[in-house]
Protein chains: 2
Amino acid sequence: MATATQVELTEDQLTLIAKALADPRRYEILKKISAQTCCTPCSSMRDCFDIAPATLSHHMKELETAGLIHSEKEGKFVNYKPRPEVLRAYLTRLKSDLA
Amino acid sequence: MATATQVELTEDQLTLIAKALADPRRYEILKKISAQTCCTPCSSMRDCFDIAPATLSHHMKELETAGLIHSEKEGKFVNYKPRPEVLRAYLTRLKSDLA
DNA sequence: TCGATATTTCGACAACCATCGAATTGATGT
DNA sequence: ACATCAATTCGATGGTTGTCGAAATATCGA
């Protein structure tokens with residue numbers, strides 16, 4: 001059975017997530033990763049977003065630090081997966097705090 | 001019957017809301033306003049948050065510009081009300097974009 | 001009108017952040 | 001070992017933003 005793990009967010013994480021979502025470019029990146037059913041390679045993002053490698057790397061780190069995505073090295077490449085539990089926890093928290 | 005008005009968010013509003021939520025102090029302020037069943041006077045916030053008047057005024061403007069609250073002058077005072085439709089629209093949008 | 005109080009605006013400052021070029025690290029194939 | 005390619009780190013730069021003191025604006029009561 002699918003374990004419906006309830007993720008608990010610290011105050012810091014709450015802020016990190018909000019900040020991660022607050023940059024339009026980062027939002028679009030996360031949107032793309034979330035739309036993918038499987039992993040998203042880093043290089044595929046570079047084609048989409050017309051962005052400098054350094055900038056992309058920076059944004060990916062922010063998203064990962066916030067806990068919104070997970071990265072996995074595959075040889076020379078890096079693949080990204082969304083972490084829906086964390087987003088769900090964020091939505092739940094907003095609803096509970098600000099409903 | 002309660003009109004379930006569906007609020008549509010522009011890209012700019014989306015960013016404004018995310019930014020508004022990304023500052024911890026502002027988040028706490030909004031939390032307090034949302035918890036209130038009725039209006040929240042500006043002065044009552046000053047007691048709670050140990051904040052300079054100028055800073056508070058700045059944050060309130062940000063929250064209002066984002067559309068998350070509504071302000072009303074009452075003589076010398078200002079009262080604030082949450083705008084749950086806007087928050088709801090934001091949650092809906094996040095869910096639809098990033099689910 | 002005058003003084004007190006509530007809130008906003010202005011101006012400044014420091015910290016933060018998005019951006020990118022250049023240099024670096026790390027893996028792959030030859 | 002070497003060249004190549006993917007991705008990260010470093011360093012710098014310009015723009016944004018949270019903060020607050022001081023001044024301005026607005027309202028009220030005396």
Side-chain angles (χ1 to χ4, degrees), chain A residues 10-33 36 38-82, chain B residues 10-33 36 38-82:
Chain A
T10 66
E11 295 302 305
D12 283 350
Q13 242 180 318
L14 193 68
T15 304
L16 284 176
I17 293 174
K19 278 190 188 161
L21 298 177
D23 180 75
R25 226 168 178 181
R26 216 150 42 207
Y27 190 88
E28 291 304 314
I29 291 172
L30 183 59
K31 194 166 158 182
K32 176 176 172 61
I33 294 177
Q36 236 64 19
C38 194
C39 304
T40 311
C42 190
S43 51
S44 110
M45 231 100 58
R46 295 219 35 213
D47 302 337
C48 280
F49 292 114
D50 182 33
I51 194 175
T55 308
L56 180 58
S57 194
H58 164 68
H59 284 317
M60 299 321 282
K61 189 152 91 173
E62 297 288 309
L63 287 172
E64 190 165 15
T65 303
L68 288 166
I69 64 173
H70 178 257
S71 77
E72 224 169 281
K73 278 207 109 170
E74 191 174 334
K76 180 160 60 157
F77 305 94
V78 179
N79 293 323
Y80 297 103
K81 284 189 308 185
Chain B
T10 66
E11 295 302 305
D12 283 351
Q13 242 180 317
L14 193 68
T15 304
L16 284 177
I17 293 174
K19 279 189 188 164
L21 298 176
D23 181 75
R25 227 168 178 181
R26 216 151 41 207
Y27 190 88
E28 290 305 313
I29 291 172
L30 183 59
K31 195 167 159 183
K32 178 177 172 60
I33 294 177
Q36 236 65 20
C38 195
C39 303
T40 312
C42 189
S43 51
S44 111
M45 231 99 59
R46 294 219 36 211
D47 302 338
C48 280
F49 292 113
D50 182 34
I51 195 176
T55 307
L56 180 59
S57 193
H58 164 69
H59 284 317
M60 301 319 284
K61 190 152 89 173
E62 297 288 308
L63 287 173
E64 189 164 16
T65 302
L68 288 166
I69 63 172
H70 178 256
S71 77
E72 225 168 280
K73 276 208 109 167
E74 190 173 335
K76 180 160 60 156
F77 304 94
V78 179
N79 293 323
Y80 296 102
K81 283 189 310 186

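In what follows, chains are A, B, ... by sequence order, proteins preceding strands, each numbered from 1. These figures come from a predicted structure and were not determined experimentally.
Counting heavy atoms from C-beta outward, B:Ile33 and B:Met60 have side chains that approach closer than 4.5 Å.
The side chain of B:Pro53 lies closest to C:dT8, out of D:dT8, D:dC20, C:dT8. Nearest to the side-chain atoms of A:Ser43 among the listed nucleotides D:dA7, C:dG21, C:dT8 stands D:dA7.
As rounded to whole Å, 11 Å separates atom P of C:dT8 from atom CG of B:Asn79. Summarising the geometry, the separation between CD on B:Glu62 and P on C:dT8 is reported as 13 Å, rounded to the nearest angstrom. Taking atom NZ of A:Lys61 as the reference point, atom P of C:dC20 lies 17 Å away to the nearest angstrom. Regarding A:Met60, its CE atom lies at a distance of 16 Å from the P atom of D:dA6, rounded to whole Å. Atom NE2 of A:His59 and atom P of D:dT8 are 13 Å apart (whole Å). Atoms OH (A:Tyr80) and P (D:dA7) sit 7 Å apart, rounded to a whole Å.
Residue B:Lys32 comes nearest to B:Phe49 through the heavy atom pair CD-CE1, 3.9 Å, listed as atom of the first residue, atom of the second, then distance. Of all heavy-atom pairs spanning A:Thr15 and B:Ala22, the tightest one is CG2-O, 3.4 Å.
The phosphate of D:dT8 has OP1 or OP2 within less than 4.0 Å of a side-chain N or O from A:Ser57. In this model, the phosphate group of C:dC20 is approached by a side-chain N or O of A:Thr55 to a distance below 4.0 Å at OP1 or OP2.
Proximity of a side-chain donor or acceptor of B:Thr65 to a complementary backbone N or O of B:Lys61 within less than 3.5 Å is detected. With hydrogens and angles disregarded, no donor-acceptor distance shorter than 3.5 Å links the side chain of A:Arg46 to the backbone of A:Leu56. Without hydrogens or angle criteria, A:Arg26 side chain to A:Ala20 main chain gives a donor-acceptor distance under 3.5 Å.
Counting only N and O atoms by type, the side chains of B:Asn79 and B:Glu72 include no donor and acceptor under 3.5 Å apart.
Mapping A:His58 and B:Leu56 onto DNA chain C via the closest heavy atom, the residue that lands nearer the 5' end is B:Leu56.
Contacts with DNA chain D (heavy atom under 4.0 Å) in residues 10-33 of chain A: none are found. For the segment residues 65-77 of chain B, residues with any heavy atom less than 4.0 angstrom from an atom of DNA chain C are, sorted by number, B:Lys76, B:Phe77.
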**Request:** Applying side chain to side chain contact (heavy atoms under 4.5 Å, CB included), run through A:Glu62 and A:Leu16 and close with a yes or a no.
**Result:** CA-CA 8 Å; A:Glu62 297 288 309; A:Leu16 284 176; 5.8 Å; no
**Request:** Just do the side chain to side chain contact (heavy atoms under 4.5 Å, CB included) check on A:His59 and A:Asp23 with the steps written out, would you?
**Result:** CA-CA 9 Å; A:His59 284 317; A:Asp23 180 75; 3.6 Å; yes
